[in-house]
Amino acid sequence: MKPEDWRIIGLRDNEYDLITKILGREPNQVELGMFGVMWSEHCSYKHSKAVLRTFPTTGPRVLQGPGENAGIVAIGDGLAVCFKIESHNHPSAIEPYQGAATGVGGIIRDIFTMGARPIAILDSLRFGTLDDSKVRYLFNGVVSGIAGYGNCIGIPTVGGEIYFDPCYQGNPLVCVMCVGLIETEKIRLGKATGVGNLVILAGARTGRDGMHGASFASEELSEASEEKRPAVQVGDPFMEKLLLEACLELIENGDLEGIQDLGAAGLTCAVSEMASRGGTGMEIELSKVPCREEGMTPYEIMIAESQERMLMVVTPEKEAKVHGVFQRWGLTSTTIGRVTADGLLRIKMHGQVVAEVPARSLAEDSPVYYPASAKPAYLERTAQLDLAAIPQPDDFNTVLLKLLSTPNLASKEGVWQQYDYMVRTSTVVRPGSDAAVLRIRGTQKALAMTTDCNARYVYLDPYAGGQIAVAEAARNVVCSGGEPLAITDCLCFGNPEKPEIYWQFRQAVEGISAACRALETPVTGGNVSFYNETKGEAIYPTPVIGMVGLLNDVTKACTLPFKAAGDLIVLLGESFDELGGSEYLAVIHGRVQGKPPALDLAKEKALHRVVLAAIGQGLVHSAHDLAEGGLAVAVAECLFEHEIGARLELDANGLRPDSLLFGESQSRVILSLSPENLPVLRELAVREEVPLAVIGRTGGDRFQIYVDGAPRVDLPVAQVKAAWQGAIPC
Amino acid sequence: MWRAEIKVLLKKSVLDPQGRAVENALASLGYANVNRVRIGKYLEVTIATPDRAAAEAQVREMCARLLTNPVIEDYTFTLVEVEA
Amino acid sequence: MKFGVIVFPGSNCDLDAYHLVRDVLGAPVEYIWHAERSVAGFDCLILPGGFSYGDYLRCGAIARFSPVMPAVVEFARRGGLVLGICNGFQILTEAGLLPGALYSNTSLQFRCRDTILRVENNDTPFTRGLPPGQLLSIPIAHGEGNYYVDPETLAQMEAKGQIVFRYADREGRITPDANPNGSVGNIAGVCNENRNVLGMMPHPERAGEALLGSTDGLLIFKSILEYWEGCR
């Protein structure tokens with residue numbers, strides 16, 4: 001072996017040395033390829049492992065934390081929710097439709113691999129700005145890809161988020177979360193146990209597609225990436241639907257000892273992880289693997305990333321039955337090997353050993369790096385925001401309309417109506433509210449779910465930004481009536497070998513950890529996507545938080561729109577002169593500057609208690625958290641669905657009118673309620689020491705805001721809604 | 001053996017939304033002289049029979065039964081002799 | 001009265017139809033696997049929504065040749081009640097049980113949203129008891145729901161009362177804006193001449209519970225039950 005041989009597949013010299021030490025000899029080409037994909041950043045987490053260990057991952061409800069295909073959290077009644085988020089950024093940058101579609105397919109497999117029935121998909125998407133035709137191509141392609149796969153397989157796409165910022169121009173982010181339901185006793189793990197048990201491969205045939213996908217995801221994108229296009233896989237949602245039904249049937253009947261999907265690093269990853277987790281080995285005969293193309297070499301079969309494939313371990317007695325089930329679903333399944341006791345992966349082709357490596361060395365023994373970390377220089381510059389230098393707008397009407405028509409705040413209905421968000425008839429709160437709510441059939445319960453991250457905050461202060469991402473996700477769940485349970489995270493960053501990027505990563509993880517501890521929402525899994533850079537420019541650090549919450553009574557699910565005229569509008573929480581990192585500052589004043597708003601986790605938690613109690617006691621008609629665009633935008637969003645107007649009368653209390661209207665102070669929620677419920681609500685707020693202000697009333701057909709008696713905003717609701725609705729071309 | 005190369009297009013009387021979208025896109029790229037864009041499907045089927053007439057009859061039958069929907073689609077095809 | 005929900009490979013609204021009939025309507029229902037060759041013992045067959053065979057080639061084109069389909073065709077010919085929803089409607093047109101064809105929405109995009117349907121014919125087993133002109137709020141979720149039929153056939157269908165639902169606005173007007181997919185005449189659902197086979201793109205099984213936003217779809221299923229009771 002020459003240095004080029006390992007360098008070309010992404011291995012470093014020290015890693016090659018480690019491999020020869022593990023094997024006690026030089027690896028052959030197949031073995032080197034297997035180490036190359038398994039020790040890629042994407043599969044090995046070698047730059048992030050040490051930091052990820054600091055996440056809080058346990059809690060009374062957590063049944064499965066990080067390390068398996070997905071996390072699992074108990075929700076009572078013998079049921080549990082299984083969920084995970086994963087990125088498919090690089091493939092989507094190269095071929096947006098297939099990149100996004102296979103991202104959806106991959107995360108769905110992670111869920112049903114655990115034995116859970118997938119019930120919902122959420123997508124957290126980020127693109128450059130829509131004035132660029134390439135960005136519009138990526139945007140439309142990604143949305144169609146999600147729709148194409150999710151709609152066909154019949155799992156509702158119920159939520160998510162979409163942001164646009166120049167930092168994602170060449171490197172869009174496509175993070176897909178899948179949520180599933182499982183009876184706790186049916187949980188299956190990706191383990192190969194029982195020496196002598198058989199290894200079965202089912203689903204699609206193996207082709208040369210997706211070769212080196214894992215390595216590809218571990219590099220920066222460049223012009224040359226376009227030429228790597230063959231690395232992008234093509235998805236077949238119909239095949240996956242059949243595979244899902246067949247696998248769930250087998251798991252339901254207890255026919256499988258272990259099951260694992262084939263994703264990044266293909267067969268290599270599946271066999272090494274299953275054997276490693278089971279403390280076993282495997283002997284695999286590659287000539288048994290059904291191939292789509294002729295003449296595939298052992299190397300190619302081992303690392304191909306063809307989609308819609310599953311690997312299972314079954315007892316010899318169940319072999320025929322398992323094949324029978326796949327056959328009935330019209331799927332191919334083949335016994336390709338057996339579980340052994342020696343901990344080795346022995347890969348054969350027509351009886352000849354072509355690779356022999358310890359399973360554990362591939363799955364667990366990659367080097368762990370502790371990269372240097374240094375506070376980025378840009379923070380000096382961005383931290384200096386002099387509010388006195390920011391002029392107050394003359395016309396708040398124009399500012400409000402402009403904010404509502406920026407793509408980040410505008411209606412995303414044009415996107416989500418391309419997704420089937422209702423199939424399986426359990427969607428109680430549809431896309432467009434703070435969190436989606438899905439009922440759990442056969443119980444009174446429901447699940448609330450959301451994804452959140454304000455990456456601009458994370459850029460300006462990774463620690464605070466990480467905290468806020470978790471707090472906002474929790475607030476969204478709470479506003480829908482759900483008690484936050486746990487999170488999954490999709491940590492998208494630039495090149496971790498740059499000290500500034502690694503500093504962002506560490507700080508963000510610390511912030512997320514702190515918020516998760518305070519809000520009692522442990523981390524149950526997720527993924528890390530590094531090297532999100534183009535031409536040396538990193539994206540904003542974007543740790544997307546996916547959160548699931550529990551409602552004990554589905555009929556209590558709450559939505560954001562105002563429901564009736566004559567209701568009181570109440571603001572919970574406190575407002576400060578906080579414009580740093582705000583959408584207002586970026587859009588109206590062209591500045592990405594300042595510190596993100598301060599977050600007090602104890603106050604956040606107290607706010608959640610008040611809102612949950614208010615919703616639980618049926619005191620309120622609507623609840624909506626305040627986020628980008630602040631109070632004025634949040635209230636405007638409550639007007640649209642039923643076209644009910646509102647009149648707000650605010651006391652500035654010494655705040656600038658623009659921070660009062662558009663500042664993004666944390667831990668605030670807007671409620672609407674019948675006046676007779678106010679005293680009880682006030683009692684709840686007083687008990688938790690959460691500031692409460694009655695700021696206006698619903699009614700009429702205009703949106704009016706008075707500050708200290710002076711009119712600042714006065715617009716017909718129809719005009720405000722039109723600005724918000726028509727902004728994103730789909 | 002015969003390779004049937006089958007082209008399926010929407011009938012002229014049926015609106016072709018894809019064709020119209022592409023036509024508009026081409027116009028916006030400056031191709032003012034382009035019109036009547038239609039988008040259809042191309043299918044390739046290899047039939048193991050020595051007899052051309054039999055192959056032709058079979059293609060027609062397959063098109064009528066499965067490969068096209070005569071309510072909205074028309075088709076044309078050519079046969080190319082290929083090595084077994 | 002016993003309902004059967006046919007499960008094709010790739011059906012994904014089978015559960016929803018099953019759930020509505022069993023848990024909301026309270027009638028007996030069973031799944032029928034596409035490989036079955038008999039539908040004996042069933043009184044109403046539902047062909048559910050989804051992407052049978054991935055909607056490859058054309059929506060419904062491959063499912064129409066499923067082993068169960070000859071039995072469905074025979075059942076319909078003998079007057080049995082058949083309801084095709086979304087992909088089920090597409091399968092029924094491909095199978096020749098209903099006139100016309102469904103193809104790509106003019107927007108070229110999948111559309112999932114609530115629509116308002118105007119009842120055009122209340123003299124069918126599926127719509128009896130609904131006043132003519134009644135408006136129903138029922139959602140759609142499809143990429144290929146653009147109904148096409150040639151003008152002569154359309155005229156005959158109109159004359160014979162085969163147009164059962166049209167997309168309408170809130171005032172019940174049949175306008176281009178209310179048409180979500182480009183269907184000729186805003187057609188959302190049609191029946192055969194005998195009126196025992198109904199195909200519709202909107203999903204009545206998604207509008208059966210207040211918790212989900214509308215109960216108007218349930219009226220169609222109740223009508224089927226009432227018709228059946230009346231026949232006995």
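The sequence lines fix the lettering, A, B, ..., with proteins before strands; numbering per chain opens at 1. Owing to the predicted nature of the structure, the values given are computational and were not obtained by experimental measurement.
Taking OG1 of B:Thr68 as the start and CG of C:Leu57 as the end, the distance is 9.0 Å to the nearest 0.5 Å. Note: C:Arg58 CZ to B:Leu67 CG = 7.5 Å, rounded to the nearest 0.5 Å. With values rounded to the nearest 0.5 angstrom, B:Leu66 atom CG is found 8.5 Å from C:Arg64 atom CZ.
Looking at C:Asn105, only its backbone comes within 4.5 Å of chain B, counting heavy atoms on both sides. Heavy-atom distances place both the backbone and the side chain of B:Arg65 under 4.5 Å from chain C.
Contact of the C:Thr106 side chain with the B:Leu15 side chain is registered, since non-hydrogen atoms from C-beta on lie closer than 4.5 Å. Side-chain contact check for B:Glu73 versus C:Tyr103: every heavy-atom pair is 4.5 Å or farther apart.
Heavy-atom neighbours of B:Tyr31 OH from other residues, nucleotides or ligands within 6.0 Å: at or below the threshold of 12.
The heavy-atom pair separating B:Val71 from C:Tyr148 by the smallest distance is O-CE2, 3.7 Å. Smallest separation of non-hydrogen atoms from B:Pro17 and C:Ser104: CG-O, 3.8 Å.
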